[in-house]
J.: 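Before anything else, here's the structure in question.
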Amino acid sequence: AQKVTQAQTEISVVEKEDVTLDCVYETRDTTYYLFWYKQPPSGELVFLIRRNSFDEQNEISGRYSWNFQKSTSSFNFTITASQVVDSAVYFCALSVYGGATNKLIFGTGTLLAVQP
Amino acid sequence: NAGVTQTPKFQVLKTGQSMTLQCAQDMNHEYMSWYRQDPGMGLRLIHYSVGAGITDQGEVPNGYNVSRSTTEDFPLRLLSAAPSQTSVYFCASTRYREGAEAFFGQGTRLTVV
């Protein structure tokens with residue numbers, strides 16, 4: 001069975017603070033994909049990043065960075081120098097290879113509130 | 001480029017009523033799916049389709065019906081609405097490729113009273 005756990009339900013920070021959102025996943029598959037999506041207050045879901053199970057390189061995109069560690073089954077997301085516009089619900093999701101079903105298993109999300 | 005379009009954005013139903021949530025995509029994606037989002041539960045897969053004429057159940061299919069007559073459209077039908085179906089519904093489309101990211105519609109907020 002596959003599962004994604006986002007233990008942090010809500011995080012509140014002050015602008016310019018760094019913040020890390022945790023994601024722990026479970027799967028017995030050797031080939032899988034991990035995703036982060038952002039859901040701002042307007043409600044849409046915005047794709048941020050995809051990582052496959054064979055690529056453990058960390059990724060940096062501007063103020064965003066992602067740390068993928070297979071040894072701990074984690075795919076954590078760090079926002080550096082947070083801004084009010086980063087306030088959103090962030091979802092981590094898992095997709096496993098198998099018949100190209102592209103099914104996403106989502107975590108329960110982390111609500112990030114960045115205070116000015 | 002519209003992407004994934006869902007209608008309506010908001011809907012209130014009475015218990016027992018039926019309705020169809022519409023979803024259309026213009027990206028020629030083979031794979032389409034419906035999720036529901038409930039507080040504290042993330043998004044859960046209701047039904048999905050890998051192409052026209054092919055549908056299958058996800059994690060929470062009871063009370064919902066789908067069909068896929070064209071590549072572009074994937075409507076979700078509530079057969080007899082129940083208060084437990086109060087939720088936000090998202091339609092998504094994906095290229096039929098391993099690990100492809102999903103593109104989501106704007107969501108439909110449904111309240112069943």
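Here is the naming used below: chain letters follow the sequence lines, and residue numbers restart at 1 for every chain. Keep in mind the model is a prediction, meaning the values are calculated, not measured.
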J.: Between A:Y32 and chain B, with a heavy-atom cut-off of 4.5 Å, which part of the residue counts as in contact: side chain, backbone, both or neither?
T.: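 No part of it gets close to chain B.
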J.: What do you reckon, are the aromatic ring centroids of A:F75 and A:Y25 less than 6.0 Å apart?
T.: no
J.: Measure A:Q6 against the heavy atoms of chain B and call it side chain, backbone, both or neither at under 4.5 Å.
T.: neither
J.: So how far is it from A:T27 OG1 to A:I105 CD1, rounded to the nearest 0.5 Å?
T.: 7.5 Å
J.: Which one wins on heavy-atom pair count under 4.5 Å against chain A: B:G105, B:A100, B:S33?
T.: B:A100
J.: A:F106 versus chain B, heavy atoms under 4.5 Å apart: side chain, backbone, both or neither?
T.: both
J.: Report yes if the distance between the aromatic ring centroids of B:H47 and B:Y64 is under 6.0 Å, otherwise no.
T.: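 Between B:H47 and B:Y64, the centre distance exceeds or equals 6.0 Å.
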J.: Parallel, tilted or perpendicular: which fits the ring planes of A:Y64 and A:W66, with parallel below 30° and perpendicular above 60°?
T.: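 Judged by the thresholds at 30° and 60°, the geometry between A:Y64 and A:W66 is perpendicular.
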J.: Tell me if the aromatic rings of A:Y37 and B:F104 count as close, with their centers under 6.0 Å from one another.
T.: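 Here the rings of B:F104 and A:Y37 have centres that are less than 6.0 Å from each other.
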J.: Report which part of B:E30 has an atom under 4.5 Å of a heavy atom belonging to chain A: side chain, backbone, both, or neither.
T.: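 Looking at B:E30, nothing touches chain A.
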J.: Verify the neighbour count for atom NZ of A:K3: are there more than 12 heavy atoms of other residues, nucleotides or ligands below 6.0 Å?
T.: no
J.: If Ile, Leu, Val, Met, Phe, Trp and Tyr residues are connected whenever their side-chain heavy atoms lie under 4.5 Å apart, and connections chain through other members, are A:L94 and A:V24 in the same group?
T.: no
J.: May I ask you to list the residues in residues 40-52 of chain A that approach chain B closer than 4.5 angstrom, counting heavy atoms only, ordered by number?
T.: A:G43, A:E44, A:L45, A:F47, A:R50
J.: Tell me, yes or no, whether the heavy-atom count around B:R109 atom CZ, taken from other residues, nucleotides or ligands under 6.0 Å, exceeds 12.
T.: no
J.: Against chain A, label B:L43 side chain, backbone, both or neither, depending on which of its atoms sit under 4.5 Å from a heavy atom there.
T.: both
J.: Please give me the minimum heavy-atom distance between A:K103 and B:Y35, naming the atom from each residue.
T.: C-OH, 4.3 Å
